[in-house]
Structure formats: C-alpha cells, structure tokens
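Before any comments, here is the structure.
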Amino acid sequence: DSTDPDAIRAAEAGARLDRTFFLVASKSGTTLETISQYRYFRAKVEAAGLPEPGSRFAAITDPGSPLEALGRQEGFRKTFRNPSDIGGRYSALSYFGMVPAALLNLDLSTLASRAAAAREEALAPDPSRNAALRLGALLGAASREGRDKLTILTAPFLRPVGFWIEQLIAESTGKENKGIIPVEGEPLGAAHHYGADRIFVSIELDGERVPDLERLQADLTRSGAGWVRIVLADRDQIAGEFVRWEVATSFAGAVLQIDPFDEPNVQESKDNTKRILDQFTSGGRMPTGEPVGRDSGIEIYADRDFWSRIVEGSPAHPSLDMVLHRFFARAKAGEYLSLLAYMERTASSEASFALMRRSVRNALRIPVLQGYGPRYLHSIGQLYKGGPRLGLFLVLTTSGETDLAIPGSPFTFGQVEMAQALGDLASLGSRGKPALRLHMTQGATAGLEVLGAAVERAIAASATA
C-alpha cells in the first residue's frame with residue numbers, strides 16, 4: 001500500500017524475518033511499489049543470512065510477466081499464474097485473494113460455495129431474484145440523477161470491505177466525466193449533515209447490531225434518502241459479496257454507458273511519477289517547485305493562477321487559516337473534499353483525519369474523502385482524474401527524519417513517494433481541479449496537529465462570515 005519510509009520500517013518491525021513468508025503480488029509484474037518492497041525485504045533476508053532466501057517468497061502475477069521471470073531467476077518457492085483476463089479490481093476470488101485466504105487458514109471450499117451461489121443468483125433474469133442487478137441498477141440510476149456519492153457504512157471490523165468496494169466502484173465507473181463517487185470511512189453524523197447527493201449502503205453481520213447505524217438509517221430513510229442494508233449471514237458470506245458487487249458494478253457501468261473494465265487514467269500518474277524521477281536523476285533535485293506560502297511549519301504549494309484566485313485581496317502573507325477558509329469557500333452543493341496523505345497510516349493519523357472529516361462535513365454539508373498515497377492511486381485515483389468534474393483536493397506531504405534506500409535503485413522510498421505525490425498533483429492540475437499541496441516540514445504528527453487546528457479555525461470563520 002505504501003512507499004512511505006516510516007510505513008516500510010513499521011512493517012519490518014512488526015514481524016520476525018526468520019518467521020515471515022512474503023507474497024509478491026502484481027498483475028503486471030512491474031508495479032513500482034511492489035518491486036521496490038520486494039528488493040528491500042529480499043536484501044534484508046539475505047543480510048540476515050537466512051538459508052534459501054528465495055524459498056521465503058512467492059509471486060502472484062499474470063503469465064509471462066516480468067515478475068514470473070524474476071521468480072524463476074531468484075528461486076521463489078512458487079509462482080501463482082493468475083488468468084490474465086481478470087482485471088485487478090475484479091480479482092478477489094482469484095489467486096490474488098485466495099492465496100492469502102489459504103495462508104490465513106480460511107475454508108476455501110465454503111468461500112467457493114458462497115461465491116458460486118451468488119453467481120447463480122446474479123444470472124437470474126428476474127430482478128426480484130437478482131440482488132446484484134437491483135444494486136447495480138440503483139447505483140447507476142442514482143448517479144445519473146445526481147445522487148452520485150455512494151456512502152459506504154460498515155460495522156467496524158468490516159471496514160476493509162469498504163476499502164475494496166471503493167476501488168471497485170471508483171476505477172470501474174470513474175471515467176468520461178461520469179462516475180459513482182465512493183465515500184469510505186467517513187465518521188457518522190446526524191442526518192442533517194448529509195446532502196441530497198448521497199446514496200447509502202450499510203454492511204453488517206447478522207446478530208451483531210450496530211445501533212448508531214440503525215439510528216442513522218431510520219433518520220435518513222424518513223427523509224427519503226436511498227439506503228441499501230446488507231446483512232451477512234456469517235463471515236464466509238463475504239465471498240458472495242465479492243460476486244454481488246463485481247456484477248453490480250458492471251450493471252452500473254451499463255446504466256452510465258461507460259466501460260467498467262478499463263482504467264484509462266491510472267497509467268497517467270505512473271507516467272508522471274516516472275517523468276519526475278527522470279527529472280530528479282538528470283538534475284539531482286526533486287522538482288517540487290517553490291512554496292507560495294508558509295505558516296507554522298507548513299509550506300503551501302499551488303498553481304500560480306489558482307493561488308492568485310485564492311489570495312486575491314488578502315494580506316501579502318496570508319495565514320494557513322485564511323488560505324483554507326477561502327479554499328473551502330469554493331465548495332458548492334454536490335462537491336466533495338479529498339484529503340490525500342503521503343505519510344504512514346497510524347492510529348494517530350486516522351484519529352486526526354476523522355476529526356477533520358467530521359468537522360468539514362458537518363460545516364459545509366459535503367462529503368470528505370480521505371486516502372493514503374500511493375495506495376489511492378490504485379484505488380480511487382482513476383475517478384479523481386476521469387470522473388465527474390467535481391472535487392477539491394488537499395495533497396499532504398511530509399519531511400521524514402530518515403529515508404530508506406531501495407536496493408538496486410537510484411531512488412529512495414521517500415523520493416519515490418514524493419514523485420508519486422507530485423505526479424498526481426500534476427494530473428489534477430492539468431484538469432483544472434482545485435488543489436493545494438501542504439508540505440509538513442516538521443513531520444506528520446506535528447503537521448497534522450497544526451493542520452487540524454487550522455481547519456477548525458477556517459470553518460469557524462466560514463460560519464461567522
């Protein structure tokens with residue numbers, strides 16, 4: 001999920017190398033993050049002097065990919081050759097999902113039977129017997145009518161399902177200036193904090209009530225909001241949900257008249273990342289540009305034309321509070337804000353973002369999305385570039401204390417991470433999307449504290465304006 005040096009260090013610290021088996025999973029076999037992580041941990045295994053280092057790795061990839069060849073050359077214990085006609089986001093029930101499931105000692109036969117039953121139901125021509133058809137038709141029709149913010153609410157332990165649905169929906173439908181915008185992980189609020197551009201899906205487990213979800217559902221459905229409640233009979237039923245959502249997403253694509261199986265804008269950010277790394281190689285300096293503002297350890301970067309609109313009529317050196325206040329003022333009904341964080345995901349960062357998401361949503365009545373880079377580039381990033389012409393974007397970068405080298409690469413993890421942030425910011429800017437990059441010079445913990453306080457003051461200023 002990450003090229004952040006702190007995230008790599010945390011992964012390393014969380015497991016004993018002599019008791020760790022590594023899955024190197026990439027459909028193309030060239031994914032920058034995956035190959036960089038493999039090189040790092042392979043070097044660690046070899047430096048530890050562990051016997052037969054290649055036997056501690058297995059690959060999951062398409063037949064004939066560079067990763068398959070690498071596995072042969074470097075003695076992987078096994079390479080799982082996945083059918084090449086399965087798109088990455090539709091691969092939960094392929095080797096990409098089932099090899100980890102087997103290693104977790106899940107019952108694959110039970111998962112397969114639940115998936116097969118859902119597939120049989122999805123083939124039914126009668127809509128009353130076909131939940132996937134009904135769900136897809138509802139999501140597609142709602143999006144066409146302006147209710148394009150699919151708000152995914154789950155029981156806490158089911159939250160990873162929301163991450164998966166986010167990628168499936170966003171990459172499949174976010175193109176040709178259309179799309180369903182998944183809102184994952186947003187803290188619950190009162191019914192009046194949600195706009196009319198929402199449709200809601202809740203996912204729960206039978207027998208394990210979530211009272212807060214039940215109350216919100218009652219309040220919102222009384223006001224006419226669309227709500228789909230999915231209750232899993234047991235945890236194995238998740239395999240059936242994979243099928244239901246994959247088929248429903250295909251149907252939604254048909255309703256939106258787009259191809260749900262391509263991802264025309266995903267490669268763009270990868271190309272931008274490569275271009276920026278090439279510039280770094282030739283010039284010896286990351287092309288970050290110059291900050292247009294500074295305040296309390298946060299540097300502000302923006303396109304000059306956009307910046308001139310933000311600070312028009314303001315003092316010569318506007319505060320972060322003022323910049324955010326004017327930035328938020330650009331949000332209209334139907335918009336959303338996205339917080340894109342190039343940093344390690346920790347309990348502390350999650351708590352900080354939850355507070356910001358709740359505050360902005362409650363004050364502005366717009367959805368607040370949040371993701372970590374570069375993970376989101378492979379998830380909702382397609383929609384940000386190819387989807388509806390909506391959204392305001394805050395790209396958050398940090399200065400870490402220590403970087404990590406990538407063995408065999410001229411770049412460090414931190415340099416790759418910064419290039420990915422700059423590359424995606426360039427993609428957003430080329431489409432005229434309102435975007436600021438806030439660089440936290442004192443690290444993520446201090447930076448998020450400063451940013452959170454500035455967000456609160458900016459919102460308070462909006463309320464009194």
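A salt bridge does not link Glu335 with Arg389: every distance from a Lys NZ or Arg NE/NH1/NH2 to an Asp or Glu carboxylate oxygen is 4.0 Å or more.
Note that Arg361 lies in the cation-pi zone of Tyr194, set by a 6.0 Å cut-off to the ring centre and a 45° limit from the axis. Both tests pass for Arg235 against the ring of Phe157: distance under 6.0 Å to the centre and angle within 45° of the axis.
Donor-acceptor pairing under 3.5 Å is lacking for the side chains of Tyr376 and Gln167. Side-chain atoms of Thr397 and Arg437 include a donor-acceptor pair closer than 3.5 Å. A side-chain donor from one of Thr402 and Arg9 sits under 3.5 Å from a side-chain acceptor of the other.
Residues Met98 and Leu93 come closest through the heavy atom pair CG-O, 3.7 Å. Across Phe327 and Leu436, no two heavy atoms sit closer than the pair CD1-CD1, 3.8 Å. The shortest heavy-atom contact between Ile35 and Gly29 is CD1-O, 3.8 Å. Taking all atoms of both residues into account, the shortest heavy-atom contact from Gly140 to Ile180 is N-CD1, 4.4 Å.
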* Asked: Step by step, would you call Trp307 with Tyr301 a ring-ring contact (aromatic ring centres under 6.0 Å, His included)?
  -> CA-CA 9 Å; Trp307 180 247; Tyr301 294 80; over 10 Å; no
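Residue pairs meeting the ring-ring contact (aromatic ring centres under 6.0 Å, His included) criterion with at least one partner in residues 426-451, sequence neighbours excluded, are absent.
Judged by distance alone, with hydrogens and angles left aside, the side-chain atoms of Lys178 form a donor-acceptor pair with the main-chain N or O of Leu256 at under 3.5 Å.
Considering only heavy atoms from C-beta on, Val292 comes within 4.5 Å of Arg304 through its side chain. Counting heavy atoms from C-beta on, the side chains of Leu390 and Asp148 come closer than 4.5 Å. Using a 4.5 Å heavy-atom cutoff, the side chains of Asp271 and Glu268 are not in contact. A 4.5 Å side-chain heavy-atom check between Glu312 and Ser308 finds every atom pair outside the cut-off. With a 4.5 Å cut-off on side-chain heavy atoms, Trp245 and Leu139 count as touching.
The residue from Arg198, Arg159, Arg357, Arg358 that alone fulfils the salt bridge (Lys or Arg N to Asp or Glu O under 4.0 Å) condition with Glu186 is Arg198. Among the candidates Glu350, Glu344, Arg345, the single residue satisfying the side-chain hydrogen bond (donor to acceptor under 3.5 Å, both in side chains) test with Tyr372 is Glu350.
In Asp295, the CG atom is crowded: over 12 heavy atoms of neighbouring residues, nucleotides or ligands sit closer than 6.0 Å. Counting non-hydrogen atoms of neighbouring residues, nucleotides and ligands closer than 6.0 angstrom, the CD atom of Glu299 exceeds 12 such neighbours. In the displayed structure, Asn105 atom CG is contacted under 6.0 Å by at most 12 heavy atoms of other residues, nucleotides or ligands.
Qualifying ring-ring contact (aromatic ring centres under 6.0 Å, His included) partners for Phe261, counting only residues two or more places apart in sequence or in other chains: Tyr90.
Aromatic pair Phe57/Tyr38: ring centres closer than 6.0 Å.
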